[in-house]
Amino acid sequence: MENKIKKKPLILLSNDDGYDAKGLLTLIEVLRPLANLVVMAPDGPRSGFAGALTITQPLRYQLISEAENFSFYKCSGTPVDCVKLALHDVLTEIPDLVIGGINHGDNSSVNVHYSGTLGIVLEGCMKGIHSIGFSLCDHNSQADFSPITSTIVDIVTQILEQGLPIGVCLNVNFPKIQQLRGVKICRQTKGTWVNEYIKATHPTGKPYFWTVGEFHNEEPEAEDTDHWALEHGYAAITPVQIDVTAYSAMKELQTLVR
């Protein structure tokens with residue numbers, strides 16, 4: 001019987017910290033043995049861009065590195081632009097996975113709504129592609145990703161084998177810790193950002209503002225949340241869905257259309 005060589009899966013990678021960020025370069029390094037990689041990342045930092053698109057100016061992308069089963073591009077647009085443009089003009093087949101990260105910073109709780117990393121993941125999921133976002137709770141540009149890489153490989157391998165439900169993607173966050181206690185499937189913590197700006201005065205006398213902020217956890221004792229997991233040394237995997245319909249409110253709101 002003829003032996004058939006199993007084709008390597010194809011993964012599309014992007015991030016919101018820029019094409020030269022250590023988190024992305026680490027992800028490339030650990031995933032190249034597993035898959036064929038196409039990388040398209042912003043040409044500079046795009047944190048907080050969520051699902052933003054570039055619609056008032058032209059987009060450009062440039063090949064910066066190429067090898068066998070690997071190509072690396074930088075793009076003038078947002079993280080979501082990178083995914084859309086790669087799918088539209090670079091890839092000749094649908095990838096098996098879309099991955100965002102590894103983000104320098106926490107994307108748990110409500111950060112999912114602001115994150116460019118999760119913008120990548122949600123865009124892939126909306127296109128019907130299994131998608132995962134990885135983030136480390138460390139904003140340092142030289143953050144140590146070594147304690148989490150084996151867990152990332154395990155998660156990616158499992159999703160390549162098992163897939164995900166239609167319309168569901170994964171938001172995976174890691175604590176800044178040398179030894180993970182384990183992995184937990186979690187729900188999103190209820191919380192909000194407060195004290196979000198510092199006001200200062202420009203030399204011209206006009207006021208200006210710096211974005212800062214502190215996260216307020218509204219349920220610090222809840223042990224099934226992503227924040228609790230991270231604070232106790234666990235990687236937090238939160239399933240996220242594209243359909244944001246509040247089904248539980250639909251019956252109550254029927255009074256609006258009587």
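Values below: every heavy atom of this structure, side chains too, minus hydrogens, waters and symmetry copies. Note that the structure is a prediction, hence the values are computed from the model and not measured.
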Are there more than 12 heavy atoms of other residues, nucleotides or ligands under 6.0 Å from atom [atom1] of [X]?
X      : atom1 : value
Ile166 : CD1   : no
Ile94  : CD1   : no
Lys190 : NZ    : no

Compute whether any side-chain donor of one residue and acceptor of the other, for [X] and [Y], lie under 3.5 angstrom apart.
X      : Y      : value
Asn15  : Tyr19  : no
Asn217 : Trp228 : no
His227 : Ser109 : no
Asp43  : Tyr61  : no
Asp154 : Thr151 : no
Asn107 : Ser115 : yes
Asn173 : Ser108 : no

- Query: Does the pair Glu93/Lys7 count as a salt bridge with the N-to-O cut at 4.0 Å?
  - Reply: yes
- Task: Please determine if Lys22 and Glu29 form a salt bridge, counting it only when a charged side-chain N lies under 4.0 Å from a carboxylate O.
- Result: no
Hphob cluster co-occupancy, [X] + [Y], side-chain heavy atoms under 4.5 angstrom:
X      : Y      : value
Ile155 : Leu27  : yes
Ile185 : Ile152 : yes
Val30  : Phe72  : yes
Leu230 : Ile177 : no
Leu63  : Leu10  : yes

Check whether [X] reaches the backbone of [Y] with its side chain - one donor and one acceptor, N or O, closer than 3.5 Å.
X      : Y      : answer
Asp16  : Gly116 : yes
His130 : Leu160 : no
His202 : Pro207 : no
Arg181 : His232 : yes
Asp226 : Thr189 : yes

- Task: Kindly determine whether Ile159 and Leu164 satisfy side-chain contact (heavy atoms from CB on, under 4.5 Å), including the steps that lead there.
- Result: CA-CA 7 Å; Ile159 299 307; Leu164 289 165; 3.8 Å; yes
Report yes if some heavy atom in the side chain of [X] is under 4.5 Å from a heavy atom in the side chain of [Y]; otherwise report no.
X      : Y      : result
Asn36  : Pro9   : no
Val121 : Val98  : no
Val172 : Ser135 : no
Thr201 : Lys206 : no
Val183 : Ile237 : yes
Thr238 : Leu170 : no

Rounded to the nearest 0.5 Å, what separates atom [atom1] in [X] from atom [atom2] in [Y]?
X      : Y      : atom1 : atom2 : value
Phe49  : Asp81  : CZ    : CG    : 9.5 Å
Thr54  : Arg60  : OG1   : CZ    : 11.5 Å
Glu66  : Ile64  : CD    : CD1   : 11.5 Å
Glu123 : Cys82  : CD    : SG    : 11.0 Å
Leu97  : Ser131 : CG    : OG    : 7.0 Å
Lys84  : Ile120 : NZ    : CD1   : 13.0 Å

- Task: Would you sort out whether Ser14 and Met40 count as a side-chain contact (heavy atoms from CB on, under 4.5 Å), showing the intermediate values?
- Result: CA-CA 5 Å; Ser14 190; Met40 185 176 287; 5.5 Å; no
Minimum-distance pair of heavy atoms, taken over all atoms of [X] and [Y]:
X      : Y      : value
Val90  : Val38  : CG1-CG1, 4.0 Å
Val80  : Gly51  : CG2-CA, 3.7 Å
Cys186 : Pro239 : O-CD, 3.6 Å
Ser47  : Asp17  : OG-OD1, 3.4 Å
Pro33  : Lys8   : O-NZ, 3.4 Å
Phe70  : Ser65  : CE2-OG, 3.8 Å

- Task: Go through the steps to decide whether Leu12 and Val83 satisfy the test side-chain contact (heavy atoms from CB on, under 4.5 Å), and finish with yes or no.
- Result: CA-CA 8 Å; Leu12 172 61; Val83 176; 4.2 Å; yes
- Start with the C-alpha gap between Asp106 and Asn111, add the side-chain angles, then the distance that decides, and say whether side-chain contact (heavy atoms from CB on, under 4.5 Å) holds. CA-CA 8 Å; Asp106 177 0; Asn111 290 340; 4.2 Å; yes
- Residues that Asp144 engages under side-chain contact (heavy atoms from CB on, under 4.5 Å), provided they are two or more places apart: Ser146, Pro147, Gln178
- Could you check Asp224 against Arg187 for salt bridge (Lys or Arg N to Asp or Glu O under 4.0 Å), going step by step and ending with a plain yes or no? CA-CA 6 Å; Asp224 61 340; Arg187 65 175 176 86; 2.9 Å; yes
- Message: Can you see whether Tyr234 has Lys184 sitting over its ring - NZ or CZ less than 6.0 Å from the centre and within 45° of the normal?
- Response: yes
